[in-house]
Amino acid sequence: MASPPGKSQLSPSILSANFARLEGDVKSVEQGGAAAIHLDVMDGHFVPNLTIGPAIVQAVDRITTLPLDVHLMIEEPDRFLQSFRDAGADWISVHLETSTHLHRTVTRIRELGASPGVVLNPATPLVLLEDILEFVDFVLLMSVNPGFGGQAFIPRVLPKVSDLKKLISRRGMSASIEVDGGVGPENAAELVRAGADILVAGNAIFGKGDPAANARDLLRRMREAEG
Ligand code: DX5
Ligand code: ZN
C-alpha cells in the first residue's frame, strides 16, 4: 500500500459526505491531506443499512487519483469482487464474519490486483487472525458495530489495536492496522500511539464545518502523536 513508512494516514469515509456534491467533498479532503477515500458498501443483510455499489465507486474513481479503500459489509463478497475492482477499488476489505472461505477471498482480491484487507467487528477476537494474517496487507478493526456513520467509539478497541500491533511485529509481518468507527479529534492521537496506521473518519470530517480543515486538524493530531 503506497504510504511513507512510519506515517499514519487518513482515509475519510464518504458515508457522511453530501452525495449531491460528492465531487466537491472528495476534492476537499484531498486538499486536506487524505491518503485514500473510504467507501462503505452495505447490503441490508450483513448490516442493517443499504449504501453504495460499484456505480458510485466508479464515479469517485473518476474524480480522484487517491486510492479507493472499499470496505465491503456484504454477504457473499466473492460475488462482487470483480465488479468493485473493475469500478476502481484499490484496497478491498472483507469481514471475517461473512467469509467462509476467507483465504480464497483474499487471494482472489490480490489476483485482481487490489490490496486485500480483513475486517473484524468489535466483538470478534484477534485470535481468529491466526491463519489469515500473512495473506493480507491490512487489518481493519471496527470500533463501532458496522452499519451507520456517527456512532460512538467503543473504547475496548484501543487495547485491541496495541495487541494487534504486538501480534504483527511478533510474527515479523508488515500488515497495516486500520481503525474505523467513531474516530475523531478526541481519540485520533491515542489510536496512533496504540499503533493504528490508517484512521477512517466520516462524521468527524463531513459532519460539520469544512472537510478540508477537519482533515487537516485530525492529521495534525496524528502527526503530534507520532512525535
Ligand atoms: C460504519 C462504517 C464507517 C463509518 C464511519 O459501518 O464502516 O466507515 O462511515 O463513520 P464515523 O466516522 O462517522 O463513525
Ligand atoms: Zn467503513
Side-chain angles (χ1 to χ4, degrees), residues 1 8-19 22 25-26 28-29 32 34-53 56-57 60 66-75 77 80 84 89-99 114-124 136 138-158 160-161 176-192 196-209 211 214-215 217-219 221-222:
M1 289 162 73
S8 55
Q9 302 182 319
L10 187 60
S11 184
S13 162
I14 61 159
L15 190 60
S16 297
N18 182 339
F19 278 76
L22 201 46
D25 277 2
V26 168
S28 174
V29 291
I37 300 293
H38 186 88
L39 297 109
D40 289 301
V41 177
M42 306 187 187
D43 67 353
H45 292 276
F46 176 59
V47 290
N49 196 6
L50 273 172
T51 56
I52 64 168
I56 301 288
V57 174
V60 175
L66 291 178
L68 301 189
D69 169 20
V70 175
H71 173 192
L72 298 180
M73 285 159 275
I74 60 176
E75 288 178 1
F80 298 98
F84 282 104
D90 299 292
W91 310 349
I92 301 180
S93 54
V94 292
H95 274 256
L96 191 144
E97 301 86 1
T98 58
S99 306
S115 270
V118 63
V119 192
L120 266 56
N121 277 336
T124 302
V136 295
F138 65 106
V139 176
L140 172 45
L141 294 182
M142 288 308 302
S143 39
V144 297
N145 292 296
F148 304 94
Q151 302 182 78
F153 181 83
I154 297 171
R156 171 67 185 94
V157 179
L158 193 61
K160 196 176 184 183
V161 173
S176 300
I177 302 176
E178 184 171 27
V179 180
D180 182 9
V183 173
E186 61 293 339
N187 54 23
E190 52 187 355
L191 282 165
V192 168
D197 302 295
I198 307 157
L199 297 185
V200 175
N203 193 51
I205 288 182
F206 297 108
K208 61 174 191 298
N214 294 337
D217 176 58
L218 276 182
L219 278 164
R221 291 164 193 272
M222 292 159 68

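Both counts, for ligands and for their atoms, begin at 1 and track the order of listing.
- The protein heavy-atom contact nearest to atom 5 (C) of ligand 1 is Asp180 OD1, 3.5 Å.
- Ligand 1 has an N or O atom lying under 3.5 Å from an N or O atom of Gly202, backbone or side chain.
- The Asn203 neighbourhood of ligand 1 comprises atoms 11 (P), 12 (O), 13 (O), with distances under 4.0 Å to a heavy atom of that residue.
- When the N, O or S atoms of His71 are ranked by distance to the Zn ion (ligand 2), ND1 comes first.
- Checked by atom type and distance alone, the side chain of Asp25 pairs as donor or acceptor with a backbone atom of Asn18 at under 3.5 Å.
- Under a 4.0 Å criterion applied to the non-hydrogen atoms of His38, ligand 1 contributes the atoms 8 (O).
- Closest to the Zn ion (ligand 2) among the N, O or S atoms of Asp180 is OD2.
- Polar contact check, Val144 against ligand 1: no nitrogen or oxygen pair lies under 3.5 Å apart.
- Asn214 contributes a side-chain N or O that, together with a main-chain N or O of Ile205, makes up a donor-acceptor pair within less than 3.5 Å.
- Pairing each heavy atom of Met222 with each of Gln9, the nearest pair is CE-O, 3.3 Å.
- Side-chain contact between Pro185 and Arg221 is present, with at least one heavy-atom pair separated by less than 4.5 Å.
- Per-residue contacts place Met142 under 4.0 angstrom from the following atoms of ligand 1 (heavy atoms of the residue considered): 7 (O).
- Those atoms of ligand 1 that come under 4.0 Å of a heavy atom in Gly181, given as number and element, are 14 (O).
- In this structure, Gly150 has a heavy atom closer than 4.0 Å to ligand 1.
- Annotation for Ala89 and Ala114: closest pair O-CB, 4.1 Å, computed over non-hydrogen atoms.
- With a 4.0 Å heavy-atom cut-off, ligand 1 is reached by the backbone of Pro146 and by its side chain too.
- Numbered from 1 in the order shown, with element, the atoms of ligand 1 that lie under 4.0 Å from a heavy atom of Gly182 read 11 (P), 12 (O), 14 (O).
- Heavy-atom proximity to Gly149, at under 4.0 Å, picks out these atoms of ligand 1: 10 (O), 13 (O).
- Near Met42, with a cut-off below 4.0 Å to any heavy atom, the atoms of ligand 1 are 6 (O).
- In this structure, the side chain of Thr51 engages the main chain of Met42 through a donor-acceptor pair within 3.5 Å.
- Assignment of Phe148 to the shell around ligand 1 is supported, since a heavy atom sits closer than 4.0 Å.
- The two residues Pro67 and Trp91 have their closest heavy-atom pair at CB-NE1, 3.8 Å.
- Remark: of the listed residues Val157, Val200, Asp180, Asp180 is the sole one forming a side-chain contact (heavy atoms from CB on, under 4.5 Å) with Met142.
- For His38, the N, O or S atom closest to the Zn ion (ligand 2) goes by the atom name NE2.
- Judged purely by atom type and a 3.5 angstrom limit, Ser143 uses its side chain to pair as donor or acceptor with the backbone of Gly181.
- A side-chain contact (heavy atoms from CB on, under 4.5 Å) with His95 holds for exactly one of Thr124, Ile74, Leu140, Asn121; it is Asn121.
- Looking at Asp40 against ligand 1, only its side chain comes within 4.0 Å, counting heavy atoms.
- Near Met73, the atoms of ligand 1 lying under 4.0 angstrom from a non-hydrogen atom of the residue are 6 (O), 7 (O).
- Listed here is the closest heavy atom pair of Gly32 and Leu219: O-CD1, 3.4 Å.
- Looking only at atom types and distance, the side chain of His71 has no donor-acceptor partner in the side chain of Asp69 under 3.5 Å away.
- Looking at Ala204 next to ligand 1, no N or O pair under 3.5 Å apart turns up.
- Annotation: Asn145 places no N or O atom under 3.5 Å from an N or O atom of ligand 1; distance criterion only.
- With respect to the Zn ion (ligand 2), Asp40 has OD1 as its nearest N, O or S atom.
- Of the listed residues (Pro12, Ser13, Gly147), the one carrying the non-hydrogen atom nearest atom 9 (O) of ligand 1 is Ser13.
- Of all heavy-atom pairs spanning Asp90 and Leu66, the tightest one is OD2-O, 4.2 Å.
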